[in-house]
Amino acid sequence: MRTTLRLIIALFFLGLSAGGAWAEGPAATSNEPPPPDEEILNATKKLGDLPFRLPAPKLDEEEFDPTSLFRDICQKALGAVSCKHYMDFNFIGRQDNSLRFNAFYASKASDFYCFAEYHSVVLSSPAWGKIRVTVPYTIDHASRCISADVGMSFCNRRTTIQSCAPNPAP
């Protein structure tokens, strides 16, 4: 009973009659919508006269995801820091929030870890002891690439590495 009373009061304040038409004006007796406002008509006419058309977004073009390149950039960073070829580091898998690699280093097989942070990757290995190497990187969305400057390496050599995603099919 209370909800019915609330509904009747709400309909009264909204100005609706029981038949569902507007309670005011000539439209209350017919089911036709009210005539459009003149300002709205003038605005739509002005929009039609624009000298240019906006291009439609390409729905089939895939968006560039930089996280897909972290495995490659970590592998190249490990190679640059340890002064080895990056293909010597084999990807083992993900462990917690880091990528795990394995390589023959210091006369034995060793594990290497790469943790990707915001604009940098942190490299570590039990073979390096307590040493952690941070390599900053930049993302270029236009060329779909990640590039990094490796400033510290065990052979005192600065290196720039880059990893790019393939361009989408046209």
Side-chain angles (χ1 to χ4, degrees), residues 3 6 10 14 33 36-170:
T3 57
R6 288 182 184 167
L14 288 176
D37 193 10
E38 290 296 320
E39 291 181 33
I40 295 174
L41 288 176
N42 290 337
T44 56
K45 287 179 185 176
K46 289 178 184 176
L47 286 176
D49 296 336
L50 289 176
F52 63 90
R53 302 276 186 222
L54 296 175
K58 296 180 182 177
L59 299 177
D60 56 344
E61 183 177 316
E62 66 181 61
E63 190 174 323
F64 172 59
D65 182 22
T67 59
S68 63
L69 299 176
F70 284 153
R71 176 178 164 186
D72 191 44
I73 204 75
C74 285
Q75 190 176 21
K76 289 180 179 180
L78 282 168
V81 167
S82 63
C83 304
K84 296 175 70 74
H85 193 270
Y86 72 93
M87 292 299 287
D88 292 341
F89 293 89
N90 301 313
F91 178 69
I92 303 297
R94 294 186 181 272
Q95 185 172 354
D96 298 327
N97 291 331
S98 62
L99 302 173
R100 182 177 170 198
F101 295 87
N102 190 289
F104 194 74
Y105 187 82
S107 72
K108 63 179 179 176
S110 298
D111 288 336
F112 296 86
Y113 300 95
C114 178
F115 179 75
E117 292 181 329
Y118 182 71
H119 291 294
S120 66
V121 291
V122 178
L123 308 173
S124 66
S125 173
W128 296 343
K130 294 183 179 183
I131 296 175
R132 304 287 181 264
V133 180
T134 302
V135 178
Y137 63 84
T138 57
I139 300 172
D140 184 9
H141 288 278
S143 64
R144 302 169 59 93
C145 293
I146 294 178
S147 58
D149 282 325
V150 181
M152 182 240 175
S153 69
F154 296 129
C155 54
N156 293 329
R157 184 177 62 204
R158 293 184 64 89
T159 309
T160 301
I161 56 175
Q162 186 175 26
S163 179
C164 296
N167 287 327

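Because the structure is predicted, anything quoted here is derived from the model rather than measured.
A distance-only check finds a donor-acceptor pair linking the side chain of K76 to the backbone of Q162 [under 3.5 Å]. Side chain of S98 to main chain of Q95: a donor-acceptor pair is present (N/O by atom type, distance under 3.5 Å, no hydrogens or angles). K84 contributes a side-chain N or O that, together with a main-chain N or O of F104, makes up a donor-acceptor pair within less than 3.5 Å.
Residues F112 and Y105 bring their aromatic ring centres within 6.0 Å.
In this structure the side chain of L78 never reaches within 4.5 angstrom of the side chain of Y86, judged on heavy atoms. Using a 4.5 Å heavy-atom cutoff, the side chains of F115 and N97 are in contact. At a threshold of 4.5 Å between non-hydrogen side-chain atoms, the residues R132 and L123 do not count as touching. Counting only heavy atoms from C-beta outward, the side chains of I73 and I161 approach each other to under 4.5 Å. Contact check for P136 versus H119: no side-chain heavy atoms found under the 4.5 Å cut-off.
In this structure, F101 CZ and R71 CZ are separated by 7.0 Å, a value rounded to the nearest 0.5 Å. Separating the SG atom in C164 from the CD1 atom in I146 is a distance of 9.0 Å, to the nearest 0.5 Å. Distance check: S125 OG to I131 CD1 gives 10.0 Å after rounding to the nearest 0.5 Å.
For residues 75-139, the set of pairs meeting the disulfide bond (SG atoms under 2.5 Å apart) definition, not counting sequence neighbours, comprises C74-C114, C83-C155. Each ring-ring contact (aromatic ring centres under 6.0 Å, His included) pair with one or both residues in residues 144-168, not counting sequence neighbours, appears once here: W128-F154.
With no hydrogens or angles considered, a side-chain donor-acceptor pair links S147 and T138 at under 3.5 Å. No side-chain donor-acceptor contact under 3.5 Å links N102 and N90.
Summarising the geometry of L69 relative to S163, their closest heavy-atom pair is CD1-O, 3.5 Å, with the distance given to 0.1 Å. Scanning both residues, R100 and D111, for their nearest heavy atoms gives NH2-OD2, 2.8 Å. The nearest pair of heavy atoms linking V150 to A80 is CG2-CB, 3.9 Å.
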Starting from the C-alpha separation in whole Å, work towards a yes-or-no answer on side chain to side chain contact (heavy atoms under 4.5 Å, CB included) for F91 and Q75. CA-CA 8 Å; F91 178 69; Q75 190 176 21; 5.8 Å; no

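For D140 and R144, the salt-bridge test fails: no basic side-chain N is under 4.0 Å from an acidic carboxylate O. Salt-bridge annotation for R158 and D149: absent, with no side-chain N of the basic residue lying under 4.0 Å from a carboxylate O of the acidic one.
A search for ring pair (Phe, Tyr, Trp, His ring centres under 6.0 Å) contacts involving F70 returns Y137, not counting sequence neighbours.
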